[in-house]
Trainee: 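Take this structure, written in structure tokens, and hold onto it; I'll ask about it next.
Note: hydrogens, waters and symmetry copies are ignored here, and every other heavy atom, side chains too, is used. Labels below follow one simple rule: chain letters A, B, ... track the order of the sequence lines, proteins then strands, and each chain is numbered from 1.
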Protein chains: 2
Amino acid sequence: MNTKPASVRSKLDFYRLARDEGVHLENCPVREVIANIGGKWNSLLMLALAEQPYRFGALRRLVPDISQRMLTQTLRDLQRDGYVHRAVFPTKPPSVEYSLTELGRSMFDPLQALVKWAEQHHDAVRAARARFDRDES
Amino acid sequence: MNTKPASVRSKLDFYRLARDEGVHLENCPVREVIANIGGKWNSLLMLALAEQPYRFGALRRLVPDISQRMLTQTLRDLQRDGYVHRAVFPTKPPSVEYSLTELGRSMFDPLQALVKWAEQHHDAVRAARARFDRDES
DNA sequence: GATAGCTGGTCTAGAAAAGAGACCAGCGCT
DNA sequence: AGCGCTGGTCTCTTTTCTAGACCAGCTATC
């Protein structure tokens, strides 16, 4: 470790190569998609709804630390992007059931891969976190 | 569509089944991990660093719409969780290079699957979004 | 027949997070 | 001398999130 990277050669290069990374990650459509997946509650709700359809109140009990407002909003975002279907039933009081669409299910597969990774490595992450917090103090 | 779900049978059931979802998604270690992946910039920086190591300023130019403050913070979060290694080189001025760790690379694989999904389906998402925005107005 | 509880929400106020931009020290190039 | 580059930090403003009250219409209970 601590070997100087080959890209940094002279002091001249040092200033020069800064300008030449032409990759444009901004304006990328992937970002819009990831942004929505990446919200605080979105992936969690996807996980829940992948298991089975749920009604609003059931979701609220399932994820107790979500505020009602954020649940409404996150569900609407998910619905807006076509991941989730919202069905209103004329019971009394009317009930609303949320379920994954085909698109939602298809994006759940890669999401689940990530979740699986998280399950397998969360102890490594926790260890790294503990080490970092210890060393910086 | 609009068929009443089998789970809602009588008005009595209606009130009863609400209590019986015993799944506990809160306190889940997966959530900590996902939370960090899910940050606004985290996945984007992971993507960039997976391509090659970058120095601070290079990352800033690569992702122009990130504020310097958030770049610092996101990199520190990523480093804290063990995804990213921060190496300081005694050049003048000193340069700092960020690179993925082994752990970071291993989590990049499932992340990339998600990105690939996003690339393939972003037009469907955009279409759904447009439809939603039209219908609600 | 009042009371409390359920339904799926909205509204408001306060807290937390993110963004914009100035500022820092030490050096190189012109 | 003056500007630019290095990787940051500090402060201020704006956006986002949360907690909690509130709503209408119905039901089961007392």
Trainee: Within this structure, what is the OH-CG distance for the pair B/Tyr54 and B/Leu45, rounded to the nearest 0.5 Å?
Mentor: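 Going from the OH atom of B/Tyr54 to the CG atom of B/Leu45 covers 11.5 Å.
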Trainee: Under 4.0 Å from OP1 or OP2 of C/dT7: is there any side-chain N or O of A/Arg61 that close?
Mentor: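 For A/Arg61, the contact criterion (side-chain N or O under 4.0 Å from OP1 or OP2 of C/dT7) is met.
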Trainee: Measure CG/A/Asn42 against P/D/dT16 and give the value in whole Å, please.
Mentor: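 Distance, rounded to whole Å: 14 Å.
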Trainee: In whole angstroms, how far is the C1' atom of D/dT6 from the CZ atom of B/Arg55?
Mentor: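 Atom CZ in B/Arg55 sits about 8 Å away from atom C1' in D/dT6.
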Trainee: Roughly how far, to the nearest 0.5 Å, is CG of B/Leu49 from OH of B/Tyr98?
Mentor: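 So the OH of B/Tyr98 and the CG of B/Leu49 are separated by 9.5 Å.
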Trainee: Measure the shortest side-chain to side-chain distance between B/Leu59 and B/Ile66 over non-hydrogen atoms and say whether it is less than 4.5 angstrom.
Mentor: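 Heavy-atom side-chain distance check fails, nothing below 4.5 Å.
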Trainee: So how far is it from B/Gln73 CD to B/Leu78 CG, rounded to the nearest 0.5 Å?
Mentor: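 So the CD of B/Gln73 and the CG of B/Leu78 are separated by 11.5 Å.
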Trainee: For DNA chain C, what dot-bracket results from Watson-Crick or G-U pairs at under 3.5 Å, with [ ] for crossers and | for inter-strand partners?
Mentor: ||||||.|||||||||||||||||.|||||
Trainee: Rounded to the nearest 0.5 Å, what's the gap from CD on B/Gln112 to OG on B/Ser43? Could you check?
Mentor: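 The CD atom of B/Gln112 sits 12.5 Å away from the OG atom of B/Ser43.
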Trainee: With rounding to the nearest 0.5 angstrom, report the CG to CG distance, A/Leu47 to A/Leu111.
Mentor: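 These two atoms lie 6.0 Å from each other.
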Trainee: How would you summarise protein contacts on nucleotides 14-24 of chain C per nucleotide, using B for base, S for sugar-phosphate only and - for none, with heavy-atom distances below 4.0 Å?
Mentor: ----BBB----
Trainee: In whole Å, what is the span from the CG atom of A/Leu75 to the P atom of C/dT10?
Mentor: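 In whole Å, C/dT10 P and A/Leu75 CG are 11 Å from each other.
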Trainee: In whole Å, what is the span from the CG atom of A/Leu59 to the P atom of C/dC6?
Mentor: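 Spelled out: CG on A/Leu59 to P on C/dC6 is 17 Å.
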Trainee: Please determine if B/Lys116 and B/Glu119 form a salt bridge, counting it only when a charged side-chain N lies under 4.0 Å from a carboxylate O.
Mentor: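 No, B/Lys116 and B/Glu119 are not salt-bridged.
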Trainee: Can you name the nearest heavy-atom pair linking B/His85 to B/Thr101, along with the distance?
Mentor: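 In this case the closest contact between B/His85 and B/Thr101 is N-CG2, 3.7 Å.
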Trainee: Would you kindly give the CG-to-P distance between A/Leu71 and D/dA19, to the nearest whole Å?
Mentor: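 Taking CG of A/Leu71 and P of D/dA19, I get 13 Å after rounding.
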Trainee: Expressed as a whole number of angstroms, how long is the span from A/Arg60:CZ to D/dT18:C1'?
Mentor: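 In whole Å, D/dT18 C1' and A/Arg60 CZ are 14 Å from each other.
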